[in-house]
Undergrad: 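Handing you this structure, nothing more for now.
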Amino acid sequence: MDKKDIVEVLERIGTMMEIKGENPFKIRAYSAGARTLQTMEEDLGDVIEEGRLGDIPGIGKALTEKIETLYATGELEFYNKLVASVPSGLMDMLDIPGLGGKKIKVLHEKLDVDSIETLTVACQEGRVAELKGFGKKTEEKILSGIKNREAYAARHLWWDAQSMVKKILPGLEELPEVERVEAAGSFRRGMETVGDLDFLVASSNPTPIMDWFTSMDGIVEVTAHGETKSSVRFEGGMQADLRVVPSEQFYFALHHFTGSKDHNVRMRQKALSLGLSLSEWGLRPEEEKDSSRKAGPVEANSEEDIFKALGLQYVPPSLREGMGEVEAAER
DNA sequence: TGGCGGTACTG
DNA sequence: CAGTACC
DNA sequence: GCCA
């Protein structure tokens, strides 16, 4: 079995374990292993032959054995058993927004739901709303999620994302309450494809901004509308999130929402190693769990300041993929 | 053997 | 509060 | 699950 197929098997193992209600850290280990393998530049056969698979960060004893078995035989008992124990229809249900492993498990056990089709019927008959932890609103959200799941799951070309950004950004800039605004996320990182749009605004008066954002033209659904965070979906399936933060936290939040997740995790680990705690709200001494929405003692008037405070060289958005750039910036 | 990133919104 | 989602 |  070649590398591409093995990556897929590892990803599927992670997905199935999610539905089985496995330990989330274990699940993460599998998807991290899959990603590591995928981005490995060396030839997999060479690495295995030289017995160096386990030397790769994130690949330990268990994953090494499984990868080697798959490479040599194309079969894996552990995987086969998992496949046999998880109805394939349940895997599709993870694409529905609002449904994760836990809820899918409940739906399967209590209502015998085992596919999108049976889930649709269960919702239409109102059986889902009666479940503990579910409700009328959940039920409606599931039905609309099913109807639009292709649009939801689709990623968009950067170019298409940019044309959306060009429409939304000027509107935000014009609002008198908006002090600063940027598009963040994978769009800012310049990824070839963009999952959804992330806008970040600095303001001390979020409410009118949130209201404007959730009532733009072309919105078909407001999926969240809170005090500082809202999500909407447009015709055609593009999703956009808006966050509003106080201006002294703007660059921390911009860094955070530009991501990637892996990059953020490394940056936070780097902070912890210095006795500091980094979040979207600021950089503060680790100490107690006082991660309230207050600015930390460290000020940032640019993203550069954040890297500087951690003793790192500046890493531009396009390199923030958690693939060693943080380590490379030490010096 | 214990810890694993930190936060917002929903029901 | 637990679950889901986001980077 | 992996790692220190």
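By convention in this document, chain letters (A, B, ...) are assigned in the order of the sequence lines, proteins followed by strands, and residues within each chain are numbered from 1. Note: hydrogens, waters and symmetry copies are ignored here, and every other heavy atom, side chains too, is used.
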Undergrad: Roughly how many Å is it from CD in A:Q269 to P in B:dG3, rounded to a whole number?
TA: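 In whole Å, B:dG3 P and A:Q269 CD are 16 Å from each other.
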
Undergrad: Atom CD of A:E139 and atom P of C:dG3: how far apart are they, to the nearest Å?
TA: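 Interatomic distance, CD of A:E139 to P of C:dG3: 20 Å.
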
Undergrad: Kindly state each residue pair satisfying side chain to side chain donor-acceptor pair (under 3.5 Å) with at least one member in residues 77-87 of chain A, sequence neighbours excluded.
TA: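 Listed once each, the pairs are A:R12-A:Y79, A:K20-A:S85, A:E75-A:N80.
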
Undergrad: Taking atom CD as the centre, does A:E49 end up with more than 12 heavy-atom neighbours from other residues, nucleotides or ligands that are less than 6.0 angstrom away?
TA: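 At most 12 heavy atoms, drawn from other residues, nucleotides or ligands, come within 6.0 Å of this atom.
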
Undergrad: Please name all residues satisfying ring pair (Phe, Tyr, Trp, His ring centres under 6.0 Å) with A:H256, sequence neighbours left out, ordered by chain then number.
TA: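 Counting only residues at least two positions away or on another chain, A:H256 forms no ring pair (Phe, Tyr, Trp, His ring centres under 6.0 Å).
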
Undergrad: Nearest whole angstrom, please: distance from the P of C:dT4 to the CD of A:E18.
TA: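 The answer, rounded to whole Å, is 8 Å.
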
Undergrad: Would you please classify the geometry between the A:H263 ring and the A:F307 ring as parallel, tilted or perpendicular, with 30° and 60° separating the classes?
TA: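 The rings of A:F307 and A:H263 sit tilted, inter-plane angle from 30° to 60°.
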
Undergrad: Listed in order of residue number, which residues of residues 184-212 of chain A have a non-hydrogen atom at under 4.0 Å from DNA chain C?
TA: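 Output list: A:G185, A:R189, A:D196, A:D198.
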
Undergrad: When rounded to the nearest 0.5 angstrom, what distance separates CE in A:M164 from CZ in A:F234?
TA: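 A:M164 CE to A:F234 CZ: 4.0 Å, rounded to 0.5 Å.
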
Undergrad: Using whole Å, report how far NZ of A:K105 lies from C1' of C:dT4.
TA: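 Result: 16 Å.
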
Undergrad: What residues from residues 24-50 of chain A pass a heavy-atom cutoff of under 4.0 Å to DNA chain B?
TA: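 The stretch gives A:F25, A:R28 as the residues lying under 4.0 Å from the strand, ordered by number.
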
Undergrad: Let's see if you get this right: which residues in residues 251-261 of chain A place a heavy atom under 4.0 Å from DNA chain C?
TA: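 Close to the strand are A:H256, A:F257, A:T258, A:G259, A:K261.
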
Undergrad: Distance-only check: which donor-acceptor pairs under 3.5 Å involve side-chain atoms of residues 38-45 of chain A, not counting sequence neighbours?
TA:
from	atom 1	to	atom 2	distance (Å)
A:T39	OG1	A:R35	O	3.0
A:T39	OG1	A:T36	O	3.2
A:E42	OE2	A:R52	NH1	3.4
A:E42	OE2	A:R52	NH2	2.8
A:D43	OD2	A:G45	N	3.0
A:D43	OD2	A:D46	N	3.0

Undergrad: First locate atom CZ of A:F213, then atom CZ of A:R243, and finally report the distance between them rounded to the nearest 0.5 Å.
TA: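 Going from CZ on A:F213 over to CZ on A:R243, the span is 10.0 Å.
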
Undergrad: Take atom P in D:dA4 and the same atom in B:dG5, then report the distance between them in whole Å.
TA: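 That atom pair is separated by 14 Å.
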
Undergrad: Starting from P on B:dG11, measure out to CD on A:E130 and report it in whole angstrom.
TA: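 Checked: the CD to P distance equals 18 Å.
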
